[in-house]
Colleague: 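The structure's right below; bear with me while I get my questions together.
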Amino acid sequence: MSAAQVAAPDPTRSGPGTGAAPAGGPTPSGGSGVWLRRWRRSRSSLLVAAAVFLVALLTALLAPSPARGDLDAESTRPEGSHAVLEILRAQGVSVRQVRTTEDATGLGAGHTLAVVHPNLLGPPELAALAGTGADLVLVEPDLPTLLALAPSVQVAGTVAVTDLPPGCTDPDAVAAGTVTAGGQLYRAVDGATESGVQTCYRQPPGPDAGAASLIRSRYDGRRITVLGQADVLRNASLADQGNAALALRILGAHPELTWLRPDPLAVQQSGRPTLGELLPDWVHWATWQLVLALVVTMLWRARRLGRLVTEPLPVVVRAAEAQEGRARLYRQARARGRAAATLRTAALRRLATRLDTPPEATPEAVAALVAEATGRPGPEITATLLGGAPADDAALVLLAGELDALERAVASADTGPHGTASGSVHGRNPEEQ
């Protein structure tokens, strides 16, 4: 019979009735051994996943909250503006904070819209704010913001923070008195003073003489306040000088106040030119020419369809290397039970071929024929061929030696004293086999 006809188990499987099944006791392929092998195989991935989780957790814990930014209405930190807005709420002013211009449009007269960090707004957002009918309070605006919302005011530079008197007749500035001024400075454009523009907290004589920290004007039927010193609104300096009085009078002129602090991630950038629009026209043509050249090169160098071509191997690989590699994997996983099952299955197949066992013979029947051929006790042969898994590497090596010795014993019993075949265990002539 062929070796495949022996009723021996697959060395990679375990179960009852197989030659690889252990007689008793735990094996590395079951119970805690399975979990141990799984842990060894996946511990690197688990450690990497744990490290990523810890980094994400620390990032989430240490990252500043969106409500704790500069001039945020809900921030109680020194740079926030929660204090002044909370005072306004106590005085009956309805205050709400928004992040996008869509939430700030549609406001009419009798409403105040304060815009902090207006430099984050693009042309579409500024155009939307220009259409609102509410009074505007622009905190440290840049030149594009002024051109869109306050064309009668222009940027005049920056100076150090200092305390200055109002120096104007604006009732709110006069009532507040000396405040923290400086910072961003602005000037009224030529001819704007005669049209009702008030410049307050002007710089003393010097290079910046005439530039002011507060400019108030009227444009399109609404009042526009340009505030160049944001410290007037911050929690840390609200109690200094007349900062609180000025902030409350500017922001609380109407019963409703909308506080717009743009979110950089939510601001639309559709009005700004894209990278493709900034590139010269010849770059587009050159890009298409390079793409065409690449396609032609790929078609030229591509492998033509046709019959398969056999090529000699660059090196000769020994067939035993696969078996050696499998053995190293067993050793690395400490799968002594599977290794022993592989050795026993191979030995059973060779012994069944040598003893010419019938196709329906079981591993137990093969073990009985081996005992009959060698004259050894049956329990000893059964323990060798169908025993349990080795306890350690030394026991596995001992089992391999016993299997080899058993095959040699069967070969000696099946050969005459002069090295000629003397017949099988069934008494048949070798020529008839």
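Side chains are part of it too, since the values below use all heavy atoms of this structure and drop only hydrogens, waters and symmetry mates. Along the sequence shown, residues carry numbers from 1.
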Colleague: Please list, chain by chain and in numerical order, all residues satisfying side-chain contact (heavy atoms from CB on, under 4.5 Å) with A209, sequence neighbours excluded.
Modeller: none
Colleague: With a 3.5 Å distance limit and no angle check, can you tell me whether T362 reaches the backbone of A365 through a side-chain donor-acceptor pair?
Modeller: yes
Colleague: Test of understanding: with side chain to side chain donor-acceptor pair (under 3.5 Å), list the residues that count as partners of R331, not counting sequence neighbours.
Modeller: none
Colleague: Between S75 and L71 (side chain of the first, backbone of the second, donor and acceptor by atom type, cut-off under 3.5 Å), is there such a pair?
Modeller: no
Colleague: Only pairs at least two apart or in different chains count here, so list each disulfide bond (SG atoms under 2.5 Å apart) that has a residue in residues 99-186.
Modeller: C168-C200
Colleague: Restricting to non-hydrogen atoms, name the atom on A148 and the atom on L126 that form the minimum distance, rounded to 0.1 Å.
Modeller: CB-CB, 3.9 Å
Colleague: With sequence neighbours left out, what residues match P141 under side-chain contact (heavy atoms from CB on, under 4.5 Å)?
Modeller: P118, L138, T145, L146, Y186, V226
Colleague: Mind checking what makes salt bridge (Lys or Arg N to Asp or Glu O under 4.0 Å) contact with D393, not counting sequence neighbours?
Modeller: R336
Colleague: Could you list the residues that satisfy side chain to side chain donor-acceptor pair (under 3.5 Å) with D163, not counting sequence neighbours?
Modeller: Q241
Colleague: D231: what forms a side chain to side chain donor-acceptor pair (under 3.5 Å) with it, not counting sequence neighbours?
Modeller: R234
Colleague: Would the distance check show the side chain of T345 and the main-chain N or O of T342 forming a donor-acceptor pair, the cut-off being under 3.5 Å?
Modeller: no
Colleague: Say you draw a straight line from CG of L343 to OG1 of T384; how long is it, rounded to the nearest 0.5 Å?
Modeller: 12.5 Å
Colleague: Short question: side chain of R249, backbone of A173 - any donor-acceptor pair under 3.5 Å?
Modeller: no
Colleague: Is there a side-chain contact between V115 and L121 in this structure, where contact means two heavy atoms from C-beta onward sitting under 4.5 Å apart?
Modeller: yes
Colleague: So, does T158 use its side chain to make a donor-acceptor pair with the main chain of Q184 at under 3.5 Å?
Modeller: no
Colleague: Restricting to side-chain contact (heavy atoms from CB on, under 4.5 Å), what partner residues turn up for Q97, sequence neighbours left out?
Modeller: D72, A73, E74, R99, W259, R261
Colleague: Side chain to side chain donor-acceptor pair (under 3.5 Å) with T297: which residues, sequence neighbours excluded?
Modeller: none
Colleague: Side chain of N235, backbone of A83: donor and acceptor closer than 3.5 Å?
Modeller: yes
Colleague: Looking only at non-hydrogen atoms, find the nearest pair between L164 and P204 and report the distance.
Modeller: CD2-CD, 4.4 Å
Colleague: Using residues 127-137 as the side-chain source, report each donor-acceptor pair under 3.5 Å to any protein atom, sequence neighbours left out, with the distance given to one decimal.
Modeller:
unit_1	atom_1	unit_2	atom_2	d
T132	OG1	L107	O	3.0
T132	OG1	A134	N	3.4
D135	OD1	R223	N	3.0
D135	OD2	H254	NE2	2.7

Colleague: Show your reasoning for whether salt bridge (Lys or Arg N to Asp or Glu O under 4.0 Å) applies to R216 and D172.
Modeller: CA-CA 10 Å; R216 312 194 76 180; D172 294 335; 2.5 Å; yes
Colleague: Short question: side chain of R344, backbone of L403 - any donor-acceptor pair under 3.5 Å?
Modeller: no
Colleague: Can you list the residues that meet the salt bridge (Lys or Arg N to Asp or Glu O under 4.0 Å) rule with E86, with sequence neighbours excluded?
Modeller: R89
Colleague: With respect to T180, which candidate in L246, L238, T162, V161 satisfies the side-chain contact (heavy atoms from CB on, under 4.5 Å) definition?
Modeller: V161
Colleague: Sequence neighbours excluded, which residues qualify as side-chain contact (heavy atoms from CB on, under 4.5 Å) partners of A156?
Modeller: L185, R187, A211
